Amino acid sequence: LRTPLARLRLETEMSVFDDVAREHMVADIVQLDATIDKFLDYARPDHAAKLTPVNVYGVVSSCVYAVQDHQELQINMTVPEELMASADEIELSRVLSNVLENARRYGKSPNTNYTRVDITVKFSDNTVTIRMRDHGPGVSADQLANLTKPFFRGDTARTAAAGAGLGLSIVEKTVQRMGGRLTMANASD
């Protein structure tokens with residue numbers, strides 16, 4: 001699938017003269033490519049993650065740095081700089097990036113064009129807890145229970161054609177492979 005998409009993108013960029021049409025066509029191809037990535041991530045066989053000591057601040061900072069110029073995200077971090085956790089660094093980065101992308105898409109604060117995300121990391125009882133909170137409207141209780149089911153898309157997601165409904169399924173599967181647990185809830189404050 002990637003080879004034909006790459007050819008389509010190259011041909012589109014070189015032969016479509018209408019700038020707006022070309023940008024939309026390339027965006028569609030990029031979206032298809034990203035969807036393929038999601039399917040491959042989800043289809044990846046379950047395996048025990050290779051856990052090593054990871055500096056949590058470094059991983060979180062790297063993920064935030066990657067989206068720092070994004071106009072739709074405003075991120076506040078409270079992460080101890082020296083905190084180490086047993087994790088797969090690449091997989092943890094993927095989890096954090098997926099959750100940030102999900103927040104960007106669906107967690108916009110009412111009456112704003114951006115999503116405010118608070119990332120807090122704590123260590124207690126030999127457990128590292130990473131809490132990521134957006135300040136969006138939340139989802140209904142019946143939808144909340146289904147958000148990690150493959151291909152489920154909440155009401156807001158259905159109107160935005162950009163997702164495959166696999167992002168949070170992949171997040172949950174990845175967290176479990178590292179021996180963790182994903183919990184989602186609507187904030188009360």
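Predicted model, so just to flag it, every value in this text is computed and none were measured.
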Looking at every heavy atom in both [X] and [Y], which two are closest together, and how far apart are they?
X: Glu91; Y: Arg177; result: OE1-NH2, 3.3 Å
X: Ala185; Y: Leu144; result: CA-CD2, 3.8 Å
X: Met77; Y: Ser61; result: CE-OG, 3.5 Å
X: Val54; Y: Ala87; result: CG2-O, 3.4 Å

Is the shortest heavy-atom distance from the side chain of [X] to the side chain of [Y] under 4.5 Å?
X: Val121; Y: Val128; value: yes
X: Val26; Y: Arg9; value: yes
X: Val139; Y: Met184; value: no

Notebook entry, point to check: Regarding Asp125 and Thr127, is there a side-chain donor-to-acceptor distance under 3.5 Å anywhere?
Noted result: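 Side-chain D/A pair, Asp125 to Thr127: absent.
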Note to self: Which residue in the set Thr120, Val95, Leu92 passes side-chain contact (heavy atoms from CB on, under 4.5 Å) when paired with Ile130?
What the structure shows: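 With Ile130 as partner, side-chain contact (heavy atoms from CB on, under 4.5 Å) holds for just one option, Leu92.
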Next item on the list: Check Lys108, Gln74, His70, Arg105 against Thr115 for a side-chain contact (heavy atoms from CB on, under 4.5 Å) and give me the one that passes.
Entry: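 Among Lys108, Gln74, His70, Arg105, the one that satisfies the side-chain contact (heavy atoms from CB on, under 4.5 Å) with Thr115 is Lys108.
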Check: Under 4.5 Å between side-chain heavy atoms, hopping through other hydrophobics if needed: is there a path connecting Val79 to Leu96?
Finding: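 In one cluster with Val79: Leu96, yes.
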Notebook entry, point to check: Same hydrophobic cluster for Tyr57 and Met84, using side-chain heavy-atom links shorter than 4.5 Å among ILVMFWY?
Noted result: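 Hydrophobic grouping puts Tyr57 apart from Met84.
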Item checked: Expected output: side-chain Arg104 to main-chain Leu73 donor-acceptor under 3.5 Å ->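 Judged by distance alone, no pair lies under 3.5 Å.
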Next item on the list: Start with the C-alpha distance between Asp118 and His135, add both sets of side-chain angles, then the distance that settles side chain to side chain contact (heavy atoms under 4.5 Å, CB included), and finish with yes or no.
Entry: CA-CA 9 Å; Asp118 298 321; His135 295 265; 2.6 Å; yes
